[in-house]
Amino acid sequence: MARRRQLYEGKAKILFEGPEPGTLVQYFKDDATAFNNQKKGTITGKGVLNNRISEYLMQRLQEIGIPTHFVRRLNMREQLVREVEIIPIEVVVRNVAAGSLSKRFGIQDGTVLPRSIVEYYYKSDDLGDPMITEEHITAFGWAAIQDLDEIMSLSLRVNDYLSGLFLGIGLKLVDFKLEFGRLYDDQTDEMHIVLADEISPDNCRLWDVRTNERLDKDRFRRDMGGVEEAYQEVARRLGILPEGGPRDMPGPATMQ
């Protein structure tokens, strides 16, 4: 296999130079982190499952007109994506109280919120991804007001669609994190906001509708056990569990 230049390595993924200008290869790792990288571990097969789950969800979103960076899946652990200028903001959409929201406001986990709440966080591991407001975002030039309007609109559309999709397979979309990027269109000479990163049990809280069983990374955060099985169950319900289970090539050493 031809050697590819590694451009970036994050907590859950590695980005390599793509085969064509303006593209990247996104490699999904089995590494898992929580609490701003304070807790680290490995979830066997997570990279394979997240690659498949994110591919499936990105394709469904594209079908309803949500622009994304996703191009196609290359193999069990890699997908081809468009290179975008990542906006350094994490957008969290909350439908049910859980995690930090419950702690901040003393709301019991599982309380359905009066309406969906959208929060912004500054994307910085060193600073612990602090919560920010629109004022911070526009004052520091991370995004313009019109960018934020587009991001908010896209986030709520994603929430509406995914809530229904997951409900159809017996899962409650409690909350989730999105990232966006700017993509330059050569034909129109314009910059567009597109959905980037991934959508998977790594950045979505997914609870069983009947039992409230957690089928996401909270099982790793809380030492609940059954983490691999939870990710497999999400893929199984979506109808995309890899045949024979999430096993494939040995790991990132083969992708250098």
Side-chain angles (χ1 to χ4, degrees), residues 11-13 28-35 39 41-61 64 66 68 70 90-103 107-113 115-119 121 154-179 195-242 245-246:
K11 292 176 285 190
K13 293 182 291 296
F28 287 76
K29 303 193 293 185
D30 285 347
D31 296 356
T33 64
F35 310 119
K39 180 177 182 179
T42 300
I43 302 173
T44 304
K46 176 175 79 76
V48 175
L49 291 167
N50 281 355
N51 187 23
R52 294 293 293 270
I53 291 169
S54 191
E55 171 202 21
Y56 179 84
L57 297 177
M58 289 287 189
Q59 287 179 329
R60 299 289 80 76
L61 290 170
I64 64 163
I66 301 290
T68 84
F70 178 81
E90 295 180 346
V91 182
V92 176
V93 183
R94 301 182 184 275
N95 301 308
V96 178
S100 64
L101 184 76
S102 294
K103 293 176 183 176
I107 304 174
Q108 184 175 354
D109 265 18
T111 302
V112 177
L113 299 173
R115 62 177 176 81
S116 299
I117 295 175
V118 179
E119 298 175 340
Y121 295 83
L154 289 172
S155 298
L156 292 176
R157 286 178 63 196
V158 170
N159 184 46
D160 285 344
Y161 180 79
L162 291 186
S163 293
L165 184 150
F166 283 122
L167 189 61
I169 56 173
L171 294 175
K172 187 187 305 180
L173 182 58
V174 173
D175 58 37
F176 60 101
K177 174 180 72 70
L178 297 175
E179 293 187 25
L195 182 63
D197 195 43
E198 66 175 297
I199 304 177
S200 73
D202 264 14
N203 52 19
C204 297
R205 279 192 172 93
L206 298 168
W207 296 359
D208 183 87
V209 168
R210 292 184 300 103
T211 65
N212 279 339
E213 180 186 7
R214 296 166 192 258
L215 298 173
D216 53 60
K217 202 168 74 170
D218 266 353
R219 301 195 72 88
F220 170 75
R221 292 186 186 98
R222 297 178 172 219
D223 295 318
M224 298 172 69
V227 186
E228 292 89 347
E229 292 79 5
Y231 280 62
Q232 289 177 32
E233 178 63 14
V234 172
R236 186 191 67 77
R237 293 194 192 192
L238 288 171
I240 54 173
L241 182 66

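Taking CG of L162 as the start and CG of L167 as the end, the distance is 12.0 Å to the nearest 0.5 Å. Taken to the nearest 0.5 Å, the CD1 atom of I66 stands 3.5 Å off from the CZ atom of R157. Atom CG of N212 and atom CG of D109 lie 9.5 Å apart (nearest 0.5 Å). Here the straight-line distance linking atom CG of L238 with atom CG of L49 works out to 10.5 Å at 0.5 Å rounding.
Closest approach of A98 and W207 over heavy atoms only: CB-CZ2, 4.1 Å. The nearest pair of heavy atoms linking A97 to L113 is N-CG, 3.9 Å. Of all the heavy atoms in C204 and I199, the pair that sits closest is SG-CG2, 3.7 Å.
Residues passing the salt bridge (charged side-chain N to carboxylate O under 4.0 Å, His left out) test with R210, sequence neighbours excluded: none. Residues that satisfy the side-chain contact (heavy atoms from CB on, under 4.5 Å) test with S155, not counting sequence neighbours, are V91, V93, I151, L178, F180. Partners of D160 according to the side-chain hydrogen bond (donor to acceptor under 3.5 Å, both in side chains) rule, which considers only residues two or more places apart in sequence or in another chain, do not exist here. Considering only residues two or more places apart in sequence or on other chains, E90 meets the side-chain contact (heavy atoms from CB on, under 4.5 Å) condition with Y121, K123, D129, K177, E179. Qualifying salt bridge (charged side-chain N to carboxylate O under 4.0 Å, His left out) partners for K11, counting only residues two or more places apart in sequence or in other chains: D125. Remark: A32 engages I43, K46, F220 in a side-chain contact (heavy atoms from CB on, under 4.5 Å) (not counting sequence neighbours). For E233, the salt bridge (charged side-chain N to carboxylate O under 4.0 Å, His left out) partners at least two apart in sequence or on another chain are R236, R237. Legend: residues meeting side-chain hydrogen bond (donor to acceptor under 3.5 Å, both in side chains) with D175, ordered by chain and number and at least two apart, are R94, R205. Not counting sequence neighbours, the partners of R60 by the side-chain hydrogen bond (donor to acceptor under 3.5 Å, both in side chains) test are E63. Partners of S54 under the side-chain hydrogen bond (donor to acceptor under 3.5 Å, both in side chains) rule, at least two apart in sequence or in another chain, do not exist in this structure. Partners of K13 by salt bridge (charged side-chain N to carboxylate O under 4.0 Å, His left out), not counting sequence neighbours, listed by chain and number: D197, E198. Remark: E213 engages D208, T211, L215, R219 in a side-chain contact (heavy atoms from CB on, under 4.5 Å) (not counting sequence neighbours).
With contacts defined as side-chain heavy-atom distances shorter than 4.5 Å, the pair L206/V174 does not qualify. Between L165 and L57, the closest side-chain pair of non-hydrogen atoms falls below 4.5 Å. Two residues are said to be in side-chain contact when any heavy atoms from C-beta on lie closer than 4.5 Å; N203 and S200 meet this criterion. Counting only heavy atoms from C-beta outward, the side chains of V158 and F176 approach each other to under 4.5 Å. A heavy-atom distance below 4.5 Å is found between the side chains of D202 and Y231. Using a 4.5 Å cut-off on side-chain heavy atoms (C-beta onward), L195 and L154 make no contact. Inter-residue side-chain proximity for I240 and E55 is flagged as unmet; no heavy-atom pair is nearer than 4.5 Å. By the 4.5 Å heavy-atom criterion applied to side chains, L173 and S163 are counted as neighbours.
Listed for the D30 side chain is no donor-acceptor partner under 3.5 Å among the backbone atoms of T44. A donor-acceptor pair under 3.5 Å is formed between the side chain of S102 and the backbone N or O of I107.
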